[in-house]
Each structure stands twice: as structure tokens, then as C-alpha cells.
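As a basis for the values below, the full set of heavy atoms in this structure was taken, side chains included, without hydrogen atoms, waters or symmetry mates.
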Amino acid sequence: MRRIAIINQKGGVGKTTTAVNLAAALAECGQRVCVLDLDPQAHATTHLGVEPDGHRPSMYDVLVNSRPLAEVRTQVVENLWIGGSDINLAAAEVELAGVVGREVILSDMLQPEEGAFDFIIMDCAPSLGVLTLNALAAASEVFIPLQPHFLALHGMGKLFETTALVARRINPALKVTGIILSLYEASTRLAQDVVKDLQAYLERSRSSNTPWAQARIFNTRIRRNIKLAECPSFGQSIFSYAPNCHGAEDYKGLAREVLGEQSQVLTARVEVGDRGVVTIASSETTPIISPQAEPISTT
């Protein structure tokens, strides 16, 4: 069972959109997936059509009252479950402040679930508090959604520092395995420059003893798509709301990469033959690696 925490302390980078739609894409591929909503705003819960009314059992009950996850999760579509959140989860930060071992509560509560799912995907709050630390302590992998802006890169140093601290003191198995470029606009020079800088930084980290030493940037880019913004208001994933749009296509590609299948990024090559006949061929693009790029700051 793969346990993936999707985190970024910066808001508005497509974190919940990625958690929900990647989970739905994996479910479409036949994987049994459970999303754990660890954000008191309960956006992932709402996104999957479950009303965070504060009356039904939620992740608050799992963390504070030791309620089994099996009594909290709700199946929303075939192969996909949600461990919902509500506003009560905001109180967990305070109520767990004096609890010994509060960072590993979720890890302990997931033990009975081992083997029940192929994937546990944890949608974390845009902060590095107790709830996010629980996710990092319980996870084996971290995915970081990143909008390709330089200000977004600026906060990655703190994020990497936190994962290193958790790996050193609580969860030695924790690894940052993937960075997902979201809200991507391929036509902008800024996006291309950010990708080059990030790739160069990751390449220099390959020989280091850090949780992100083997991290990669997923080939699949999550493009800006209005359907991705619309579907939460209908309580549906992109595959239920608009299965033929670019957003669904992108998350299908990302799911294939997560499952280990080769994702092909195609580019058009125009060739002018005899008599001026124009043909268009497709070929796989080269990996985005730029060792000459300037490093990003991790402070």
C-alpha cells in the first residue's frame, strides 16, 4: 500500500485538486484508493460530494478519539473512498498539543488498513502544523504540487527542510518522490525558466543523503483548465464532471506515471518534402534537464 502525502504550505497551487483528481484517476485504473482529508477547510471532502456538516464521523474522530478509519471513510464511486474532514478538525491542533506521540497518531491508526487499499492519498492543510506532521509521519512518499512561479520555488526550501526533519526524527522511510507542475502554461518563458532551475537543483541533489535525492518532476503537466475549477462545486471529480477535457487527460497521464507506466510527451515536427509537401511527425521530447541553470535557494 503506497501512502502519499500531497503537501505545500503555499495555498492556491492545486493541492486539493491534485489529491482528488489523481485519486480518481488511479481509481479509474482499477486501483483501490482512499483520500484522507487532513485540512479543516474540508475542500477534498466537498470536492467528492460529501457534506462536511460536522455531524458525520470525520478525521477529527480518528485523530482525537481514536475512532477506526473503517468507521469514518465513505465510498464515493467505485474504487474510491474519502476519509472526510470538517471544521472540528481545526480544534485537533490545540487538543493534541499536550498528547505524547501526537505526530504518529495517524500512522498508528493506518496500521489496521494495511492491505485494504492500493493507495492512501493524504490532502494536507497549507501549513506545517500537527496535522501535516501526522501525514508526513504516516506517509512513505511526498508529492509536491508546484505552480511554476519563482515565489512558489522560494517556499520549497522550508518544505524540504521539514521533510528532512521528519525523516531524521520520526519516519526514516519518508521520501520526496515527485513534483507535480500545476496551473501550467507552456507558452510562458517564466514557466520554462522555473522548470530548468528546479531540475538543475534536483540533479545536484542526486548524491546527497536527503529525502528528495531521488525526486523527479513528473513529465505530465497539469494545464490550466476551467473544468478543473468548476467540478468541485458539483461535488465531482473531473472524470465524473468532464471526462473528455484537458484536465482529465492530464490527470490520467499523471496516474499512469505514478503507476510506473511510461508517459510520452509528444511534440510536432514539421518536415517539408519534395514538391513542397508538408508532413507532421510526432516524437518524444527529450527530458527537461538543464545542468547549466542557476540553483534555486533553499533558505
Side-chain angles (χ1 to χ4, degrees), residues 1-7 15-16 18-93 95-96 99-125 130-143 170-171 173-174 235-237 239-240 255 258-259:
M1 183 172 72
R2 292 176 64 178
R3 304 179 182 187
I4 301 172
I6 297 184
I7 67 172
K15 179 176 53 59
T16 297
T18 292
V20 167
N21 291 302
L22 173 58
L26 291 168
E28 290 263 321
C29 293
Q31 303 295 304
R32 291 169 59 85
V33 187
C34 184
V35 177
L36 302 183
D37 191 350
L38 297 173
D39 187 345
Q41 296 178 95
H43 288 169
T45 305
T46 303
H47 199 325
L48 286 173
V50 178
E51 181 65 30
D53 53 17
H55 299 302
R56 68 175 71 234
S58 71
M59 292 304 297
Y60 170 85
D61 298 287
V62 173
L63 295 171
V64 177
N65 300 323
S66 300
R67 190 158 186 170
L69 183 59
E71 298 180 8
V72 171
R73 64 176 182 252
T74 301
Q75 186 169 10
V76 289
V77 294
E78 185 179 4
N79 292 328
L80 182 59
W81 287 257
I82 176 75
S85 174
D86 55 40
I87 193 60
N88 292 326
L89 194 58
E93 296 270 358
E95 295 182 34
L96 295 175
V99 176
V100 176
R102 60 188 177 275
E103 298 90 355
V104 296
I105 294 174
L106 181 59
S107 180
D108 292 342
M109 297 303 293
L110 283 178
Q111 291 303 319
E113 299 297 310
E114 192 65 42
F117 300 100
D118 299 300
F119 287 86
I120 295 286
I121 293 183
M122 292 166 268
D123 181 36
C124 302
V130 170
L131 297 175
T132 299
L133 287 177
N134 262 272
L136 293 175
S140 55
E141 303 176 57
V142 172
F143 287 177
I170 303 173
N171 182 7
L174 184 67
Q236 297 177 339
S237 75
F239 299 99
S240 298
V258 171
L259 290 171

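Contact record, F117 with M1: O-CG, 3.2 Å, taken as the closest heavy-atom pair. Between R2 and V258, the shortest heavy-atom distance links the atoms NH1-O, 2.7 Å. Contact between V72 and V62 at its shortest, heavy atoms only, is CG2-CG2, 3.6 Å. The two residues C34 and G83 have their closest heavy-atom pair at SG-N, 4.3 Å. In terms of heavy-atom proximity, A42 sits nearest to S85 at CB-O, 3.6 Å. Of all the heavy atoms in L48 and V20, the pair that sits closest is CD2-CG1, 3.7 Å.
No hydrogens or angles considered: a donor-acceptor pair under 3.5 Å links the side chains of D123 and T16.
Residues H47 and N21 meet the side-chain proximity criterion, which asks for heavy atoms closer than 4.5 Å. A heavy-atom distance below 4.5 Å is found between the side chains of L63 and L89. Looking at heavy atoms from C-beta onward, V50 lies in side-chain contact with R56 at the 4.5 angstrom threshold. By the 4.5 Å heavy-atom criterion applied to side chains, L69 and L36 are counted as neighbours. Residues I7 and V142 are in side-chain contact: their nearest non-hydrogen atoms beyond the backbone lie under 4.5 Å apart. Residues I121 and L26 have side chains in contact (heavy-atom distance under 4.5 Å, counting atoms from C-beta outward). Put simply, the side chain of L133 does not reach to within 4.5 Å of the side chain of I170, judged on heavy atoms. C124 is not listed as a side-chain neighbour of L131, based on a closest heavy-atom distance of 4.5 Å or more.
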- Message: As a quick check of understanding, evaluate salt bridge (Lys or Arg N to Asp or Glu O under 4.0 Å) for R102 and E93, giving each step before the final call.
- Response: CA-CA 10 Å; R102 60 188 177 275; E93 296 270 358; over 6 Å; no

- Just do the side chain to side chain contact (heavy atoms under 4.5 Å, CB included) check on L106 and M59 with the steps written out, would you? CA-CA 9 Å; L106 181 59; M59 292 304 297; 4.0 Å; yes

- Might you work through the side chain to side chain contact (heavy atoms under 4.5 Å, CB included) test for I4 and L22, ending with a clear yes or no? CA-CA 11 Å; I4 301 172; L22 173 58; 5.6 Å; no

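With sequence neighbours excluded, no residue forms a salt bridge (charged side-chain N to carboxylate O under 4.0 Å, His left out) with E78.
Annotation: the span from T18 atom OG1 to I6 atom CD1 amounts to 6.0 Å, rounded to 0.5 Å. Note that CG of L110 and CG of N134 are 9.5 Å apart. Values are rounded to the nearest 0.5 Å. Taken to the nearest 0.5 Å, the OG atom of S58 stands 11.0 Å off from the CD1 atom of I82. The structure places CG of L80 at 11.0 Å from CZ of R32, a figure rounded to the nearest 0.5 Å. Separating the NE2 atom in H55 from the CG atom in N88 is a distance of 9.5 Å, to the nearest 0.5 Å. The CG atom of L136 lies 8.0 Å from the CG atom of N171; values are rounded to the nearest 0.5 Å.
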